[in-house]
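What follows is a set of notes on a single structure, which appears directly below.
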Amino acid sequence: MSSTVEITVLYFAALREQAGKEQEKIHVADGCTAAALYEQLSQQYRFTLPQERVRAAVNHAFADWLQPLAANDIVAFIPPVAGG
């Protein structure tokens, strides 16, 4: 039996538009990685950006996609920013 932890997910730019929200609190399996979370959210919200084009940040610092997430982490998925 695996336990779950609550994390906060922040969405920016195109991902915010596709999710329809700026942030949300969700429960994930303890030890879930940023990569697994992005995959789950991509299916849920039909994100059009592949993981390779997005950066993950955990607690306001860029993070490895395979970093396990812990209770109360703040996870942000940051798409490429268009310049102009």
Side-chain angles (χ1 to χ4, degrees):
M1 181 174 148
S2 66
S3 61
T4 63
V5 295
E6 184 179 78
I7 61 169
T8 300
V9 181
L10 308 178
Y11 302 102
F12 295 96
L15 298 179
R16 179 176 58 218
E17 292 171 21
Q18 291 168 7
K21 58 188 82 176
E22 291 184 10
Q23 69 179 47
E24 66 181 321
K25 290 190 181 296
I26 61 173
H27 287 86
V28 298
D30 192 15
C32 176
T33 64
L37 176 60
Y38 188 76
E39 176 64 26
Q40 172 188 328
L41 294 171
S42 289
Q43 291 178 11
Q44 181 177 344
Y45 295 120
R46 293 180 166 75
F47 290 158
T48 55
L49 287 171
Q51 177 185 318
E52 302 80 47
R53 303 239 358 253
V54 177
R55 298 274 320 255
V58 177
N59 300 324
H60 310 291
F62 286 118
D64 187 283
W65 281 102
L66 299 180
Q67 174 178 328
L69 303 176
N72 302 313
D73 276 351
I74 298 172
V75 181
F77 294 114
I78 305 166
V81 177

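Worth knowing before you read on, the calculation uses all heavy atoms, side chains too, and leaves out hydrogens, waters and symmetry mates.
Taking both residues in full, the closest heavy atoms of A34 and A56 are given as CB-CB, 4.1 Å, listed atom of the first, atom of the second, then distance. The shortest non-hydrogen separation linking P80 to R53 is CD-O, 3.0 Å. When all heavy atoms of K21 and R16 are compared, the closest pair comes out as O-CG, 3.2 Å. Closest of all the heavy-atom pairs between A14 and P79 is N-CG, 4.3 Å.
The distance from the CG atom of L41 to the CG atom of L15 is 9.5 Å, given to the nearest 0.5 Å. To the nearest 0.5 angstrom, D30 atom CG is 4.0 Å from S3 atom OG.
Counting heavy atoms of neighbouring residues, nucleotides and ligands inside a 6.0 Å radius, atom CD of E22 does not exceed 12 of them. Counting non-hydrogen atoms of other residues, nucleotides and ligands closer than 6.0 Å to CG of N72 gives a total of 12 or fewer.
Judged purely by atom type and a 3.5 angstrom limit, Q18 uses its side chain to pair as donor or acceptor with the backbone of T48.
The cluster map of Ile, Leu, Val, Met, Phe, Trp and Tyr, joined by side-chain heavy atoms under 4.5 Å apart, puts L49 and F12 in different clusters. One hydrophobic cluster, built from ILVMFWY side chains closer than 4.5 Å, holds both L10 and I78.
When side chains are defined from C-beta on, L69 counts as touching V58, because their heavy atoms get closer than 4.5 Å.
Under the side-chain hydrogen bond (donor to acceptor under 3.5 Å, both in side chains) criterion, Q23 pairs with no residue at all, not counting sequence neighbours. Listed by chain and number, the residues in a ring-ring contact (aromatic ring centres under 6.0 Å, His included) with Y38 are F47, W65, F77 (sequence neighbours excluded). Listed by chain and residue number, D73, I74 satisfy the side-chain contact (heavy atoms from CB on, under 4.5 Å) test with N59 (two or more places apart in sequence, or in another chain).
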